[in-house]
Number of protein chains: 2
Amino acid sequence: MYGRKDKKFKLTPAMEDYLEAIATIKQKQGVARVRDIGDFLHVKPSSVHSALSNLSKRGFVIHERYEFVDLTSEGEKAAKDVIKRHEILLNFLTTVLGIDWSVANKDACLMEHSLSGETVQKLTKFVEFAQNRPGQDRPEWLHSFEHYYQTGEFRNCRKRAGK
Amino acid sequence: MYGRKDKKFKLTPAMEDYLEAIATIKQKQGVARVRDIGDFLHVKPSSVHSALSNLSKRGFVIHERYEFVDLTSEGEKAAKDVIKRHEILLNFLTTVLGIDWSVANKDACLMEHSLSGETVQKLTKFVEFAQNRPGQDRPEWLHSFEHYYQTGEFRNCRKRAGK
DNA sequence: TAATAATCTTAGACTAATCTAACATTTAAA
DNA sequence: TTTAAATGTTAGATTAGTCTAAGATTATTA
């Protein structure tokens, strides 16, 4: 409804990063300052400033000179969206593929801006499927994958009686 | 060995796209012209030109004025690398997640530049695991995922006797 | 072979994102 | 409450990647 698909409102990866950073910092510290955002994203205050003036013009953040930075409801929504995508990807990479957190986190950062809605949705379902199976922590096939990854051998989970 | 991790040689996503395009076009048509590359990537010939002069300076392509474009062995290697990542991602998205080819292809294009070696490797193994299980086309759990995706219900593949 | 079409190159403008360096304001401390 | 430190802003440069428009070269075809 809010036209996130409209070209006029489409955020670049960098701008999504800023929104994500602001939301994350606010969540942790209550308020977000220019400095914090810069530290979070490893960019200089002047870069933050120009990003903020862009996002502010476009209605995603509120930023008065020398004051704390805040998100509009539009900005908050966009930030939540990015963070959710990030978490889904991170979850997939760590719990399904078994990638180290720090590598997975970096990869999630890189992927979170580019994926189509359809892929994100399916991935979400996939992670749910891999995690939430009732009555067991991890499904058998996931253990089998680990085994395959370690040894290159297919383990007979069922079928064919064997071994 | 060839220092693809060296900053000096690190290719941007755009440059990787050019290499990928050149390799793909050459494979299909024998030779690659500036025009073909532009059509492939939906950019103008002048953009192709400036990309080529960059890639040529850095030793990835060979391009004499008004002639066909070719890859050096270095360029060929980089192109193969990108194409392989693309295929792994495409495979995962289509065969495991069941995403439509055209969406999956677009998503693969976007992800192929950003993933860490570790993630790509695990994803490769995962696709192998999902596809190459001997004696059956698709593993049971993949069918179960489809069922979960359609209905939201976990099907009892084994365990707990039920249903 | 001369005219026309297709392709390629160059020059120069533009946008997004970053930086440095200088300056302004606010906050904290002496 | 004045000074010093931290933080924020502005101006201007830089880089990567794209574009348009004009000109150069090659290929086609009449």
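By convention in this document, chain letters (A, B, ...) are assigned in the order of the sequence lines, proteins followed by strands, and residues within each chain are numbered from 1.
At the phosphate of D:dT18, OP1 or OP2 sits under 4.0 Å from a side-chain N or O atom of B:Tyr18. For D:dA24, neither phosphate oxygen OP1 nor OP2 lies less than 4.0 angstrom from any side-chain nitrogen or oxygen of B:Arg65. Contact check, B:Thr12 against D:dG17: a side-chain N or O comes under 4.0 Å of OP1 or OP2. The side chain of B:His49 contributes no N or O atom lying less than 4.0 Å from OP1 or OP2 of C:dC8. The phosphate of C:dT7 (OP1 or OP2) has a side-chain N or O of B:Arg33 nearer than 4.0 angstrom. Between B:Ser47 and D:dC19 there is a side-chain polar atom (N or O) within less than 4.0 angstrom of OP1 or OP2.
Using a 4.0 Å cut-off between charged side-chain N and carboxylate O, A:Arg35 and A:Asp39 make a salt bridge. Here B:Glu16 pairs with B:Arg85 in a salt bridge; the nearest charged N to carboxylate O distance falls below 4.0 Å.
B:Leu52 places its CG atom 12 Å from the P atom of D:dT18, with the value rounded to the nearest Å. In this entry the distance linking CG of A:Leu41 with P of C:dA17 reads 12 Å, nearest Å. Regarding A:Leu11, its CG atom lies at a distance of 10 Å from the P atom of C:dA17, rounded to whole Å. Regarding A:Asp17, its CG atom lies at a distance of 13 Å from the C1' atom of C:dT18, rounded to whole Å. For the pair B:Lys44 NZ and C:dC14 C1', the interatomic distance rounds to 16 Å; values are reported in whole Å. Atom pair B:Lys10:NZ and D:dA16:P shows a separation of 13 Å (rounding to whole Å applied).
Among the protein residues, B:Phe68 comes within range of no part of the nucleic acid, since none of its heavy atoms lies under 4.0 Å from any strand.
Which of D:dT9, C:dA17, D:dG17 sits closest to the side chain of B:Asn54 comes down to D:dG17. Side-chain atoms of B:Val43 lie closest to D:dC19 of the nucleotides D:dC19, C:dT26, C:dC8. You'll find that the side chain of B:Arg35 is closest to C:dC8, out of C:dC8, D:dT18, C:dC19. Picking from D:dA11, C:dT9, D:dG17 the nucleotide with the shortest atom distance to the side chain of B:Met15 gives D:dG17.
Mapping A:Ala14 and A:Tyr66 onto DNA chain C by nearest heavy atom places A:Ala14 closer to the 5' end of the strand.
Inter-residue side-chain proximity for B:Leu52 and B:Val34 is flagged as met; some heavy-atom pair is nearer than 4.5 Å.
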For side chain to side chain contact (heavy atoms under 4.5 Å, CB included), just list the numbers for A:Leu41 and A:Val48, CA-CA rounded to whole Å, side-chain angles, deciding distance to a tenth of an Å, and then say yes or no. CA-CA 9 Å; A:Leu41 295 175; A:Val48 177; over 6 Å; no

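Between A:Phe129 and A:Trp141, the ring planes are parallel. Angles under 30° get that label, and only those over 60° would be called perpendicular.
Taking 3.5 Å as the limit, the base of D:dT20 and the side chain of B:Ser46 contain a donor-acceptor pair of atoms between them.
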